[in-house]
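Take a look at the structure set out below.
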Number of protein chains: 2
Amino acid sequence: MAKPITIKDIAEKLNVSIATVSRALRGSSEIKKETKMAVLEMAKEMDYHPNLLASSLSSKKSKIIGVVVPTINRYFWSNSISGIENIAYKEGYKVMIFQSGESFNKEVEIVETLANSRVDGIIISFSKETKDFNHVHQVIERGIPVVMLERTCKNMKASKVSTDDKNGAYTITKHLIEQGRKNIAYICGPLSLGGCKDRLKGYQEALKKAGLPFRKDYVVEVEDFRFEQAGQALEKLWDMTVKPDGILCFADILAIGTIHTAHNLGIKIPEQLSVAGFGDDETSRFISPAITTMAQPSFEMGELAAQIILEEIGLSGESCQIRTEIIKPEIIIREST
Amino acid sequence: MAKPITIKDIAEKLNVSIATVSRALRGSSEIKKETKMAVLEMAKEMDYHPNLLASSLSSKKSKIIGVVVPTINRYFWSNSISGIENIAYKEGYKVMIFQSGESFNKEVEIVETLANSRVDGIIISFSKETKDFNHVHQVIERGIPVVMLERTCKNMKASKVSTDDKNGAYTITKHLIEQGRKNIAYICGPLSLGGCKDRLKGYQEALKKAGLPFRKDYVVEVEDFRFEQAGQALEKLWDMTVKPDGILCFADILAIGTIHTAHNLGIKIPEQLSVAGFGDDETSRFISPAITTMAQPSFEMGELAAQIILEEIGLSGESCQIRTEIIKPEIIIREST
DNA sequence: CTGAAAGCGCTTACAG
DNA sequence: CTGAAAGCGCTTACAG
């Protein structure tokens, strides 16, 4: 492997200065057309490849947006990342994706790496373990724009894009009630997650408005968002003296798990039990019964987050207005309710 | 946002040289313990954060592995990425994830960016559009180790980790035959993808061995790996005079789509039609009927790819033996066959 | 064990 | 429009 070609090599061949080469390569306006052509041609001939590290180091711009999500393994996140990329690539930005694996320590490490790699901005969705937000606070202090996506926090000087959880949960709970359900349970993730708590509120509000009692033992928290866990939650609920006749799941993946276990227990859906999800999982449409869900526009949410961070990068710190975008999910009624 | 602290600032405060600070920070052996402690303490006090760009530029190591996959939105890939991360993080490497979106142009662009960002190695899974492999060839020439994962190509001086497609397809087709199926169809992606072609071979071989005829019109190619497309493929098959009684799907996602459409068409599974998948999708276990599949150990495949690239990075070009790892998938028999 | 100095490969005012 | 020069923030032989 030969030593890589640098602008110095090109400059020498062409008998011009490296400044000229640099300007030609970046399409600077202050350069003669012929010189530019000559440089470009020579660069191609010599198989030149710019060193982005050097370029970012001196220009103090990386044209990279860092994204950190709990996992890329779920539709909501992979799809919002596609939305982010869609906007970013159009503007000539690259997107670096990292997953925290729901680990606080890893999240801190990633954010630190991202900041130290001088990315131009960071879009973050917190891990479920994250209670302390000092790491992003610091990054913001260091002048790097941050946008919080979906899993946000309070009192941060950063824009956020998230779902209208309370309203969404209210709407879908109301739907279950309108289907004649009286004993509606709620299977969710850790209530320490803001989203889980907010949806709980909406759920409670809908019950209250309909004059239905709120039963604390109808709220089952699961540790992880996995099929199995929803199944266990259902088994627990099904052991109770008054079995639920409707279940609101925090995420589609939990609804799928619930339905699967319901099958095994011989529970008829939706006759005996209505099951509703929340999310934006394509899969929920293709299993049977197809799942009623509050669809979150994850792609568009990603796009919005990208737009905001691009704006903030453009302003480079000055007067940057913090935006809070609460996105309404949309109810999609299918066979499971 | 204040100007970031550099090693120069620390050096001045401590009245030592920047070389000393640098050595202390990186835990070099040739430094006095007290000096090191003093530097570390001061760094903390001044809230110092290293500039990774500068560090990589001068050390010519980035401690970053670039990964490019067609999409992160499918279980096989997101899970193999988790495997890659699992190994990489242990060795102090970060993983930068990029998706090509099955676009050749984007893939080329990403590979170029990765190389220009001087990542230490690249793990790549080709897009379905990729027929020309010059971009990775170039990267290898530039001295950057590349490992191909799952979607590989021939005649490349790079290690590869992929599935034993032919054998896997043979095994599962044989299983369908043993279930008494005589008219087995194959729904796959573009046959230009090596994997699709190799599984076709295994499928054909199993038919042949059982004395069953191969019908070309039983092979349906779909454009994208999406639920809908499998449904359309099934409809096409179901229009034929001799309807299939078994279907092998190239991917679990296609099997899910097939089963969904079968429901709509009133086809009983597995009585009328056996459906088998191929992949490693958790979901296939949780829909009903649960899907029989050839499970690929995606996580372990990612781990292996990471191990290989780490080795090659360690050898830094010299005498690097090219490895070809063909991983056997495992048949998991469930309700759909 | 520590420092002075060169270098990594670019960018960007400043002159001309 | 072009060049000389300083600088981005580190690392690393080379001396001592």
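Predicted model only: the values in this text are computed from it and were never measured. Labels below follow one simple rule: chain letters A, B, ... track the order of the sequence lines, proteins then strands, and each chain is numbered from 1. Basis for what follows: all heavy atoms, side chains included, without hydrogens, waters or symmetry-related copies.
When both pairing distances are held under 3.5 Å, D:dA4 makes no Watson-Crick or G-U pair with any nucleotide shown. With a cut-off of 3.5 Å on both Watson-Crick or G-U wobble distances, the partner of D:dA13 is given as none.
When rounded to the nearest whole Å, the span between CG of A:L14 and C1' of D:dG3 equals 14 Å. Summarising the geometry, the separation between CD1 on B:I5 and C1' on D:dG9 is reported as 13 Å, rounded to the nearest angstrom. Across the protein-nucleic acid pair, A:R142 atom CZ and D:dG9 atom P stand 12 Å apart, rounded to whole Å. Between the NZ atom of A:K60 and the P atom of D:dA6 there is a distance of 18 Å, rounded to whole Å. Following rounding to the nearest Å, A:L53 (CG) and D:dG9 (P) show an atom-to-atom distance of 15 Å. Per the geometry, CD1 belonging to A:I10 stands 13 Å off P belonging to C:dG9, to the nearest Å. Between B:E12 atom CD and D:dG9 atom P there is a gap of 13 Å when expressed in whole angstrom units. Per the geometry, CG belonging to B:N15 stands 13 Å off P belonging to C:dT2, to the nearest Å.
Along DNA chain D, the nucleotide closest to A:A19 and the one closest to A:K33 are compared, and the more 5′ of them pairs with A:K33. Between A:R23 and A:K8, the residue anchored nearer the 5' end of DNA chain C, judged by the nucleotide with its closest heavy atom, is A:K8. Each of B:T35 and A:I18 was matched to the nucleotide of DNA chain C holding its nearest heavy atom; the match closer to the 5' end belongs to B:T35.
The side-chain tip of A:K131 does not point at the ring of A:F104 from less than 6.0 angstrom away and within 45° of straight on.
Listed nucleotides D:dT12, C:dT12, D:dG9 differ in distance to B:N51; the shortest reach to its side chain belongs to D:dG9. The side chain of A:V16 lies closest to D:dG3, out of D:dT12, C:dC10, D:dG3. Distance from the side chain of B:S55 is smallest to D:dC10 among D:dA5, D:dC10, C:dC10. Residue B:R26 places its side chain closer to D:dT11 than to any other of C:dT12, D:dT11, C:dA4. Side-chain proximity of A:S58 to the nucleotides C:dC8, D:dG7, D:dT11 is greatest for D:dG7. Distance from the side chain of A:K32 is smallest for D:dC1 among the nucleotides C:dC10, D:dG3, D:dC1.
Looking at heavy-atom distances under 4.0 Å, A:L52 makes no contact with the nucleic acid at all. At the heavy-atom level, B:I7 lies under 4.0 Å from base atoms of the strands shown. Nucleic acid contact class of B:S22 (heavy atoms, under 4.0 Å, all strands): base. Across all strands shown, B:L57 has heavy atoms under 4.0 Å from base atoms, whether or not it also approaches the sugar-phosphate.
B:S159 pairs with exactly one of B:R323, B:Q321, B:E312 by the side-chain hydrogen bond (donor to acceptor under 3.5 Å, both in side chains) rule, that one being B:E312. A side chain to side chain contact (heavy atoms under 4.5 Å, CB included) with B:P145 is found for one member of B:I313, B:I308, B:L315 and no other, namely B:I313.
Here the side chains of A:F98 and A:V111 are not in contact, with every heavy-atom distance at 4.5 Å or above. A 4.5 Å side-chain heavy-atom check between B:S117 and B:S62 finds every atom pair outside the cut-off.
Contact check, A:R118 against D:dG9: no side-chain N or O comes under 4.0 Å of OP1 or OP2. Residue A:S17 has a polar side-chain atom (N or O) positioned under 4.0 Å from OP1 or OP2 of D:dG3. Side-chain N/O atoms of A:T20 include none lying less than 4.0 angstrom from OP1 or OP2 on D:dT2.
In summary, B:E303 and B:K90 do not engage in a salt bridge, as defined by a charged side-chain N under 4.0 Å from a carboxylate O.
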